[in-house]
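Below: one structure, written as structure tokens.
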There are 2 protein chains.
Amino acid sequence: MKQCSKERLAAFDAACRRRGLRLTPQRLEIFRTLAAATDHPTAEQLHERLQRKMPTLSLDTVYRTLATLTQHELVNKVDTVESQAHFEVQEDSHHHLICHQCREISDFAWPLIDDFQLPEEVKSWGEVNRKSVTVYGICRKCRGKR
Amino acid sequence: MKQCSKERLAAFDAACRRRGLRLTPQRLEIFRTLAAATDHPTAEQLHERLQRKMPTLSLDTVYRTLATLTQHELVNKVDTVESQAHFEVQEDSHHHLICHQCREISDFAWPLIDDFQLPEEVKSWGEVNRKSVTVYGICRKCRGKR
DNA sequence: CTAGCTGCAAAAGATTTGCATGTCC
DNA sequence: GGACATGCAAATCTTTTGCAGCTAG
């Protein structure tokens, strides 16, 4: 398991202060553990991993913290096929349109992408069946309401 | 609400027969309603919509049918940020790697995509915050096991 | 006829919430 | 000190499952 850099922790600290979020030990550990993970753990997995270092940490706090950090865009919820959500620290960059506000899903076509070659890296990962782009934003309807 | 074409229903019928799936009235109605929908309904929404036409249809059957049809690739589960899954009929074509077998999620970079211009269509939809590509397939590890 | 479906009810799993207590700022 | 966080337990919500009866092929 890789370690979470001091820079990243400092950035987290700063981001919390800027937004008026309290920097509790729980939040710090949850973030640190998530940042150190490479496998997109679930809330439950994170809770398990934190047992040793922080035996009193409750699963609800993990859920709540992840929700809060996701809201503040410090953590990103990975979209999965399963109902159980997976989380990851928001990295800078790593065919559905989904509106953050109303949650409505629309389709769009992007033929250029379908023909586009995936990077080499992916070929070594395994056998690809399907690629799908998801675009997030605020739809025109909701945009008008604000 | 648009209607489900006879051609599509015939194709559904054929696909079921080919795969040895029974063509029950419930399955037919669920498929017809899903195909006619443009809003990616949830199992519950579909169930509600079918109440009038088929009052005895149970929610479990909707869940089970959607699961079966998804397995047979006649229906597609849309990945969402929320825990509640949304479904859609599998249309022709429409930065995470997800293995269908072990469900492991890996990351990959695809800088070309980040710079790539989204289609016009999307601009009229609203304000875009983020686009993310999800690639599904079988990873090397699982590939070896079969 | 019979393997595969359906409905019902109950279980399971994930996530959220109310409330009392604790603690960062 | 006071607003915000946490922990606990209980509630809620979604989805799955066991079982008995039904039905498409």
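Since this is a predicted model, take the numbers as computed values, not measurements. So that the names make sense, note that chain A is the first sequence line, chain B the second, and so on, each numbered from 1.
Summarising the geometry, the separation between CD1 on A:I30 and C1' on D:dT6 is reported as 10 Å, rounded to the nearest angstrom. Atom-to-atom, NE2 of A:H47 to C1' of D:dC8 comes out at 12 Å; the value is rounded to the nearest Å. One can place CD of B:Q71 at 11 Å from P of D:dT16, the figure rounded to the nearest angstrom. Taking atom CZ of A:R27 as the reference point, atom P of C:dC24 lies 11 Å away to the nearest angstrom. Rounded to whole Å, the distance from CG on A:L28 to P on C:dC24 is 12 Å. Per the geometry, CZ belonging to B:R17 stands 16 Å off P belonging to C:dG4, to the nearest Å. Separating the CG atom of A:D13 from the C1' atom of C:dC25 is a distance of 13 Å, rounded to the nearest angstrom. With rounding to whole Å, A:E48 atom CD is found 14 Å from C:dA14 atom C1'.
You'll find that the side chain of A:E44 is closest to C:dA14, out of C:dA14, C:dC8, D:dA5. The nucleotide whose nearest atom lies closest to any side-chain atom of B:L59 is, among D:dG7, D:dT15, D:dG25, D:dT15.
Contact check for B:R27 versus B:T68: side-chain heavy atoms found under the 4.5 Å cut-off.
The base of C:dG7 is paired with the side chain of B:R64 by a donor and an acceptor separated by under 3.5 Å. Counting atom types as modelled, B:R22 pairs a side-chain N or O with a base atom of D:dT23 as donor and acceptor under 3.5 Å.
Each of A:E121, A:E120, A:E127 was evaluated against A:K123; a single residue qualifies, A:E120, per the salt bridge (Lys or Arg N to Asp or Glu O under 4.0 Å) test. If you run side chain to side chain contact (heavy atoms under 4.5 Å, CB included) between A:L118 and each of B:V135, B:I113, B:L97, only B:V135 comes through.
Comparing B:D60 and B:P25 against DNA chain D, the residue whose closest nucleotide sits nearer the 5' end is B:D60.
Here B:Q26 reaches the OP1 or OP2 of C:dG7: one of its side-chain N or O atoms lies under 4.0 Å away. Within the 4.0 Å cut-off from OP1 or OP2 of D:dT6, not a single side-chain nitrogen or oxygen of A:T61 is found. A sub-4.0 Å separation between OP1 or OP2 of D:dT6 and a side-chain N or O of A:T24 is present. Taking side-chain N and O atoms only, A:Y63 has no distance below 4.0 Å to OP1 or OP2 of C:dT16.
Between A:P119 and B:A109, the shortest heavy-atom distance links the atoms CG-O, 3.4 Å.
Judged by distance alone, with hydrogens and angles left aside, the side-chain atoms of A:R143 form no donor-acceptor pair with the main-chain N or O of B:G126 at under 3.5 Å.
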